[in-house]
Amino acid sequence: MIYVFKTSVDTNSKLEFANALLQELLPHALWNFDLEDCDNILRIDTEDEINETVLKNEVFDCIELE
């Protein structure tokens, strides 16, 4: 399943921290950030369910888009 989120990741340094966190939380998922989009989109492709740990992390703000 592909999940799409609006995030606060808007710099390369925030991107590095976000990637490290996602690698820890979702080691079998694929993800990418679109920092050129005004919503700094994060797409996650995973068979796992996205839980509150991803949505309520301390590294970046994350709101699921529908």
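A distance of 14.0 Å separates NZ of Lys6 from CD of Glu64, quoted to the nearest 0.5 Å. In this structure, CG on Asp39 lies 6.5 Å from CG on Leu65, to the nearest 0.5 angstrom. In this structure, the separation between CG on Leu35 and NZ on Lys14 is 10.5 Å, given to the nearest 0.5 Å.
With hydrogens and angles disregarded, a donor-acceptor distance shorter than 3.5 Å links the side chain of Asn57 to the backbone of Phe60. Side-chain atoms of Thr7 come within 3.5 Å of backbone N or O of Asn40 as a donor-acceptor pair.
Using a 4.5 Å cut-off between side-chain heavy atoms of Ile, Leu, Val, Met, Phe, Trp and Tyr, with links allowed through other members, Leu55 and Phe17 fall into the same hydrophobic cluster. At a threshold of 4.5 Å between side-chain heavy atoms, the hydrophobic network of Ile, Leu, Val, Met, Phe, Trp and Tyr places Ile41 and Ile50 in two separate groups.
Within 6.0 Å of OH on Tyr3 lie more than 12 heavy atoms contributed by other residues, nucleotides or ligands.
Just one of Asn51, Thr46, Ile44 meets the side-chain contact (heavy atoms from CB on, under 4.5 Å) condition when paired with Asp48; it is Thr46.
Closest non-hydrogen pair, Cys62 versus Val54, comes out as CB-O, 4.2 Å.
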Would you list the atom pairs, donor with acceptor, under 3.5 Å between side chains in residues 22-34 and any protein atom, with sequence neighbours excluded?
from, atom 1, to, atom 2, distance (Å)
Trp31, NE1, Asn19, OD1, 2.7
Asp34, OD1, Glu36, N, 3.1
Asp34, OD1, Asp37, N, 3.3

